[in-house]
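Heads up: the structure comes next, in structure tokens.
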Amino acid sequence: MQEKGTISIHTENIFPIIKKFLYSDHEIFLRELVSNAVDATQKLKRLASIDEFKGELGDLKVKVSVDKEAKTITVSDRGVGMTAEEIKKYINQIAFSGATEFLEKYKDKGDEQQIIGHFGLGFYSAFMVAKKVEIVTLSHKEGSEAARWIGEGDTQFEIATAEKEDRGTDIILHIAEDSEEFLEEARLKTILDKYCRFLPIEVEFKEEVVNDPEPLWTKQPSELKDEDYLNFYKKLYPFAEDPLFWIHLNVDYPFNLTGILYFPRVKNEFEVQRNKIQLYSRQVFITDEVKDVVPEFLMLLHGVIDSPDIPLNVSRSFLQADSNVKKINSHITKKVADKLGELFKNDRKGFEEKFDNIGMFVKYGMVSEDKFYEKAKDFVLVKNTEGEFYTLDEYQDKVKPLQTDKNETVVMLYTDDQGLQDAYIQTAKKRSYDVLIMDGVLDSHFINMLESKLEKVSLKRVDSDTIDKLIDKDEKQDSVLSENERESLKTIFEQALEDKKPNLQLENLGSDEAPVSITLPEFMRRMQDMAKTGGGMGMMNMPNQYNVVVNVNHPLMGKIIRSKKEEKKTELARQAYDLALLSQNLLKGSDLTAFIGRSVDIASR
Ligand code: ADP
Ligand code: MG
């Protein structure tokens with residue numbers, strides 16, 4: 001038999017398009033051909049298992065070989081093979097229409113980034129690197145004749161009988177001049193490692209099996225030990241520290257999904273860890289850009305996801321709208337929340353120990369997904385300056401008795417810098433108030449979220465006001481000074497701080513509290529924080545809105561008023577102000593120099 005023909009299509013010269021197309025991704029031809037070989041082998045195994053195929057299976061390895069002299073790459077399998085009729089049907093018609101459809105979709109896009117995975121181009125992706133492709137194949141069906149198909153990158157093909165002893169298919173690529181890089185063994189090995197690493201049939205290259213046909217995620221969780229998960233993690237990320245824990249995903253309804261997600265130790269390193277999840281479809285590597293499949297807040301996780309139900313040959317925007325992807329997304333969210341809840345319930349102590357690392361996921365998830373918030377609100381932890389952890393409910397119960405203000409609002413105090421805000425923390429502690437540590441990258445968002453979700457709760461940074469105003473219980477302290485004395489004290493401070501034009505506030509505070517303190521109202525500070533983290537609104541240029549609070553009841557104020565000399569009054573006032581700045585690390589430059597000079601003076605008198 002010898003036959004020539006024309007592949008029936010309407011798009012003329014589709015091959016130059018295939019060739020130019022996806023320039024940076026030409027390497028996927030190997031994935032397509034090897035996975036076809038794997039498919040053919042699995043089909044044969046299935047036929048054998050239902051007794052449709054009665055011959056010897058024998059060695060079923062898929063073999064990839066390269067001949068540098070002849071400039072060919074060959075992918076061989078011992079799978080089902082094809083008859084000449086089947087070649088015409090599956091290669092000339094079906095595969096071709098698949099490739100045409102694929103190109104129709106993408107030829108105008110021009111944006112490679114738009115395309116996730118490139119399934120669908122299939123067999124014809126061989127023409128991205130080959131000028132001529134031969135298929136030599138012998139069907140598994142009894143009495144079949146071997147066939148050879150030759151295509152040269154145009155719509156003509158040739159099909160003839162051939163000599164082939166062994167069942168299965170050889171795909172022989174005659175590599176084009178501009179693609180000779182693929183004749184390098186090292187390059188081929190790299191491509192195999194990337195795409196074929198976990199293919200379900202053994203793949204041999206240079207007499208070595210290059211894949212693990214039964215990766216961990218395909219096994220039953222009940223058969224696996226912690227050690228297995230840790231070893232698999234090491235395999236995936238040889239340089240990473242051990243993960244904290246993992247989730248084995250295993251769903252078959254309403255979609256198919258398996259995989260293992262690991263929680264790495266991330267601390268506050270937000271960006272470096274992204275794009276570590278690998279997406280597979282039936283053990284064929286597709287991409288490590290899982291942006292639309294995995295919820296944004298879980299992009300920091302590591303591991304693998306395998307699903308044949310994720311449409312791989314469509315554009316990003318379509319993927320986002322795909323209902324399977326949406327379901328997968330919310331399934332993963334739910335699984336992660338359940339796992340965390342379980343850890344919290346079964347091992348509170350262990351959970352607390354891990355919380356510095358997982359806190360960021362949890363908070364990110366709560367801020368960005370309502371469904372996750374609903375589950376996580378029961379196990380998210382807050383930590384106070386004593387290093388104690390509380391759930392939100394526990395913490396509200398703890399601080400309610402002492403930290404409820406006159407409006408029945410529970411005021412939670414927090415610090416984002418224990419070193420810098422120590423004086424304020426100590427003042428709060430004198431009142432037996434509790435102070436939370438909120439120094440994570442996401443904490444300002446977390447705080448906003450808590451306030452919007454929790455009723456009658458407000459969070460205030462410990463230095464945003466004087467302690468009595470932070471938690472205003474409407475208990476007025478009496479003033480030690482008379483009305484006249486207050487007036488003159490105000491004038492003294494106004495003169496002493498003439499160059500600063502401060503927002504002066506005279507308050508009756510406890511005599512044991514700081515004589516002068518600098519506060520930045522919570523509201524103003526949040527505006528500044530938001531501007532800093534890109535919340536926009538051009539707030540960065542806003543003048544600082546610090547308040548200077550003078551504690552009328554501090555003994556120093558009496559001393560200032562009763563001082564005989566004018567200079568002495570101003571000097572003491574200025575000294576008290578500078579000390580307040582100093583405790584906030586706000587005293588800088590010439591003001592700092594002047595302060596030191598003055599302090600030396602005072603000390604040496
Ligand atoms: P897909 O794999 O998505 O079906 P391809 O274009 O990759 O599309 O392949 C088209 C068809 O050609 C396959 O469905 C299969 O029937 C046939 N085929 C390709 N490679 C082989 C092979 N190595 N052995 C047997 N059949 C093959
Ligand atoms: Mg295929």
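What you are looking at is a predicted structure, and each value in this text was computed from that prediction instead of being measured. All residue numbers in this chain count up from 1 along the given sequence.
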Please say whether more than 12 non-hydrogen atoms of neighbouring residues, nucleotides or ligands are located less than 6.0 Å from [atom1] in [X].
X: K335; atom1: NZ; value: no
X: K234; atom1: NZ; value: yes
X: K377; atom1: NZ; value: yes

Identify the residue among Y237, W246, Y262, F245 that makes a ring-ring contact (aromatic ring centres under 6.0 Å, His included) with H302.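 When ring-ring contact (aromatic ring centres under 6.0 Å, His included) is applied between H302 and each of Y237, W246, Y262, F245, only Y237 qualifies.
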Partner residues of K456 under the side-chain contact (heavy atoms from CB on, under 4.5 Å) criterion, sequence neighbours left out: E408, T409
Once the angle between the rings of [X] and [Y] is folded into 0 to 90°, is it parallel (under 30°), tilted (30 to 60°) or perpendicular (over 60°)?
X: F232; Y: F198; value: tilted
X: F127; Y: Y124; value: parallel
X: F285; Y: Y280; value: perpendicular

Is the shortest distance from a Lys or Arg side-chain nitrogen in [X] or [Y] to a carboxylate oxygen in the other one below 4.0 Å?
X: K453; Y: D370; answer: yes
X: E27; Y: R187; answer: yes
X: E394; Y: K398; answer: no
X: D39; Y: K43; answer: no
X: R461; Y: E522; answer: no
X: K349; Y: E353; answer: yes

Hey, is the main chain of [Y] close enough, under 3.5 Å, to the side chain of [X] for a donor-acceptor pair?
X: D193; Y: T190; result: no
X: E451; Y: S458; result: no
X: K61; Y: E204; result: no
X: D347; Y: L343; result: no
X: S35; Y: R31; result: yes
X: R265; Y: D242; result: yes
X: T519; Y: P521; result: no
X: T333; Y: N329; result: yes

Looking only at the side chains, is there a donor atom on one of [X] and [Y] sitting less than 3.5 Å from an acceptor on the other?
X: T415; Y: Q421; answer: yes
X: E296; Y: Y364; answer: yes
X: D434; Y: N384; answer: yes
X: N346; Y: E342; answer: no

With side-chain contact (heavy atoms from CB on, under 4.5 Å) as the test, would you mind laying out the steps for I277 and V304 before giving the verdict? CA-CA 5 Å; I277 299 178; V304 295; over 6 Å; no
Testing the basics here: between V64 and F205, what is the closest heavy-atom pair and its distance to 0.1 Å?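 The answer is O-CD1, 3.2 Å.
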Pair V66, E184 - check side-chain contact (heavy atoms from CB on, under 4.5 Å), show working. CA-CA 8 Å; V66 55; E184 298 298 330; over 6 Å; no
Show every donor-acceptor pair shorter than 3.5 Å between a side-chain atom in residues 220-229 and any protein atom, with sequence neighbours excluded, or say none if there are none.
unit_1: D228; atom_1: OD2; unit_2: K225; atom_2: N; d: 2.8
unit_1: Y229; atom_1: OH; unit_2: H248; atom_2: ND1; d: 2.7

Ring centers of F372, F297 separated by less than 6.0 Å: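 Distance test on ring centres: under 6.0 Å, yes.
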Can the ring centres of H331 and F255 be said to be less than 6.0 Å apart? yes
Return the CZ to CZ distance between F182 and F29, rounded to the nearest 0.5 Å. 5.5 Å
Show me, pair by pair, the donor-acceptor contacts under 3.5 angstrom made by side chains of residues 209-217, not counting sequence neighbours?
unit_1: N211; atom_1: OD1; unit_2: V203; atom_2: N; d: 2.8
unit_1: N211; atom_1: ND2; unit_2: L199; atom_2: O; d: 2.9
unit_1: N211; atom_1: ND2; unit_2: I201; atom_2: O; d: 2.7
unit_1: D212; atom_1: OD1; unit_2: E214; atom_2: N; d: 3.1
unit_1: D212; atom_1: OD2; unit_2: K235; atom_2: NZ; d: 3.0
unit_1: W217; atom_1: NE1; unit_2: D306; atom_2: OD2; d: 3.1

